[in-house]
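Below, read A as the first sequence line, B as the second, and so on, with proteins coming before strands; counting in each chain starts at 1.
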2 protein chains.
Amino acid sequence: MLGLLSFPGERTGYDLKKWADASLRFFHWSPAISQIYAELRRLESRGYVTSARSGPEEPRAKRRYAITEAGRAALARWAAEGDGGPVVLKHPLVLRVWLGHLAAPGRLRALVEEHIARTREELTEIRGALTQAESVPRWAHPAVALRWSERRSLAELELAEAMLADLEGLEDLEGLDALEGPAGLEDSGGRS
Amino acid sequence: MLGLLSFPGERTGYDLKKWADASLRFFHWSPAISQIYAELRRLESRGYVTSARSGPEEPRAKRRYAITEAGRAALARWAAEGDGGPVVLKHPLVLRVWLGHLAAPGRLRALVEEHIARTREELTEIRGALTQAESVPRWAHPAVALRWSERRSLAELELAEAMLADLEGLEDLEGLDALEGPAGLEDSGGRS
DNA sequence: GGGAGCATGTAACGGGTTACATGATTGG
DNA sequence: CCAATCATGTAACCCGTTACATGCTCCC
């Protein structure tokens with residue numbers, strides 16, 4: 001949140017969510033909107049952000065948030081300390097491939113192909129965000145992050161393609177096993 | 001958990017944790033040991049796994065777990081339905097690059113280099129796990145997943161390298177700006 | 001004898017989600 | 001006028017973590 005607000009301008013929680021969905025999420029998940037509001041209030045109570053209601057003091061009026069000096073300092077401290085720890089990766093597709101022995105081979109291939117299609121879509125989204133970021137000199141670093149995301153998306157496609165090839169290789173082996181295996185004599189390639 | 005147990009043999013919670021750390025974690029995080037025990041008991045209460053205590057009925061004796069037919073069925077159901085949703089990625093390094101405007105350029109480069117070093121180590125771990133998996137014909141699918149992880153690790157290295165280059169490009173630009181931009185003529189070597 | 005690894009568990013907490021509730025503004 | 005989007009918030013819940021507690025076994 002502080003990071004999002006560290007770029008110039010004031011924005012609402014809603015804005016923040018859209019921003020996160022459009023760029024942050026490609027390399028570091030985007031929080032739920034309800035959490036954003038909760039977090040903003042928490043940050044305000046700590047003096048890291050201030051909110052200005054547009055118009056009078058209605059209870060649920062539009063609030064625009066801005067980061068404070070204390071917030072900037074806290075953020076800089078956070079960025080300076082440690083490295084943020086290891087990359088978190090949860091890849092449901094590979095998990096299913098790992099458990100491939102309980103699915104039909106065709107099913108796995110279909111899942112991989114779906115994943116490729118989804119990744120292609122993501123790639124175009126990233127490219128959209130990237131061209132936007134490149135148009136503003138202020139956003140040089142976000143642009144680097146998005147460039148990373150673009151390349152990562154391309155790599156993801158290649159990885160999926162390679163895994164598809166591996167899976168087909170497996171099926172061929174299984175085909176051979178079915179022919180040679182149980183029958184007996186000619187264990188040409190093999191091991192025990 | 002069920003997935004881990006779906007491979008032949010009985011194992012303890014502790015075993016499961018080691019297994020997850022040595023392979024699962026490369027493409028889909030490894031749960032905390034405390035959660036493994038909790039989950040195993042939950043699964044047992046649902047009849048998806050059975051536990052056998054070695055020796056007599058001591059309260060905290062070693063328990064070896066095995067999956068039941070019901071468990072296998074539940075797992076197959078799980079694997080068959082849906083695609084498991086999107087990849088979850090949290091990349092603290094790229095997050096920091098994204099916020100590069102609040103760090104010294106050298107700091108960012110150092111972080112990227114650390115990341116490269118860590119990724120190299122991970123790569124050798126993956127290769128170790130992979131050769132193990134390749135030695136057992138039963139583990140053909142896990143081997144595919146690990147092959148994916150190996151390639152992914154290599155891709156991660158390339159991505160980091162490319163980002164490093166991007167960051168250096170940025171610094172050069174900033175250097176030019178400092179020369180040509182606001183100050184005018186005599187802003188040669190250094191700056192604030 | 002003592003430390004490293006094996007092995008199991010409890011308790012407290014927190015971060016984050018989904019579901020729900022509400023209402024203003026804008027554009028077809 | 002109606003739907004979509006803007007906009008803010010509450011409540012319940014759950015997944016998973018850290019910290020703590022316990023004791024065994026093996027090997028140096």
K.L.:
So which nucleotide from D:dT17, D:dT10, C:dC6 ends up closest to the side chain of B:K18?
P.N.:
C:dC6
K.L.:
Quick one: is C:dG15 close enough that its OP1 or OP2 comes under 4.0 Å of any side-chain N or O from A:Q35?
P.N.:
no
K.L.:
Measure from CD on B:E39 to P on C:dT8 and round the result to the nearest Å.
P.N.:
16 Å
K.L.:
Measure from the side chain of B:R63, starting at C-beta and using heavy atoms only, and say which of D:dG9, D:dA7, C:dG9 lies closest.
P.N.:
C:dG9
K.L.:
Taking five pairs at each end, how big is the angle between the two axes of the helix from C:dG1-D:dC28 to C:dG28-D:dC1, to 10°?
P.N.:
30°
K.L.:
So which nucleotide from D:dT8, C:dT8, D:dG16 ends up closest to the side chain of A:T12?
P.N.:
D:dT8
K.L.:
For B:K17 and C:dG9, what is the distance between atoms NZ and P respectively, to the nearest whole Å?
P.N.:
17 Å
K.L.:
What nucleic acid atoms does B:S51 come within less than 4.0 Å of, heavy atoms only: base, sugar-phosphate, or nothing?
P.N.:
nothing
K.L.:
Out of C:dT17, C:dG9, D:dT10, which has the shortest distance to the side chain of A:R41?
P.N.:
D:dT10
K.L.:
Go through the steps to decide whether A:R127 and A:E134 satisfy the test salt bridge (charged side-chain N to carboxylate O under 4.0 Å, His left out), and finish with yes or no.
P.N.:
CA-CA 10 Å; A:R127 283 177 170 156; A:E134 276 170 340; over 6 Å; no
K.L.:
If you check the A:W29 side chain, which of C:dT8, C:dG9, C:dG16 turns out closest?
P.N.:
C:dG16
K.L.:
Give the rounded distance in Å between these two atoms: CD1 of A:I36 and P of D:dT10.
P.N.:
15 Å
K.L.:
Does NZ or CZ of B:R96 come closer than 6.0 Å to the centre of the six-membered ring of A:W78, within 45° of the ring's axis?
P.N.:
yes
K.L.:
Once you round it to whole Å, what is the distance between C1' of C:dG9 and CG of B:L40?
P.N.:
12 Å
K.L.:
Decide salt bridge (charged side-chain N to carboxylate O under 4.0 Å, His left out) for B:R42 and B:E39; before the verdict, give the C-alpha distance in whole Å, the side-chain angles of both, and the deciding distance to 0.1 Å.
P.N.:
CA-CA 5 Å; B:R42 230 186 94 221; B:E39 195 63 27; 2.8 Å; yes
K.L.:
Are any of the side-chain heavy atoms of A:H141 and B:L108 separated by less than 4.5 Å?
P.N.:
yes
K.L.:
Look at the side chain of B:Y14 and decide which nucleotide, out of C:dG5, C:dG9, C:dG16, has an atom nearest to it.
P.N.:
C:dG5
K.L.:
Under a plain distance cut-off of 3.5 Å, with no hydrogens placed, do A:T119 and A:E156 share a side-chain donor-acceptor pair?
P.N.:
no
K.L.:
Please report, rounded to the nearest Å, how far the P atom of C:dC6 is from the NZ atom of B:K62.
P.N.:
10 Å
K.L.:
Do B:E158 and A:R151 meet the salt-bridge criterion of a basic N to acidic O distance under 4.0 Å?
P.N.:
no
K.L.:
Tell me if the aromatic rings of A:H28 and B:W98 count as close, with their centers under 6.0 Å from one another.
P.N.:
no
K.L.:
Of the nucleotides D:dT8, C:dT17, C:dT8, which has the atom closest to the B:I33 side chain?
P.N.:
C:dT8
K.L.:
Looking only at side-chain N and O atoms, does A:Y37 come under 4.0 Å of OP1 or OP2 in D:dT8?
P.N.:
yes
K.L.:
Atom CG of B:D15 to atom C1' of C:dG5: distance rounded to whole Å?
P.N.:
12 Å
K.L.:
Would you say the side chain of A:Y48 lies within less than 4.5 Å of the side chain of A:Y65, judging by non-hydrogen atoms?
P.N.:
no
K.L.:
Between B:D21 (CG) and D:dT17 (P), how many Å, whole number?
P.N.:
11 Å
K.L.:
Would you state whether a donor and an acceptor, one from the side chain of A:S34 and one from the base of C:dT18, lie under 3.5 Å apart?
P.N.:
yes
K.L.:
Between B:G13 and A:S30, which is nearer to the 5' end of DNA chain C once each is assigned its nearest nucleotide?
P.N.:
B:G13
K.L.:
Rounded to whole angstrom units, what separation is found between the CZ atom of B:R11 and the C1' atom of C:dC6?
P.N.:
17 Å
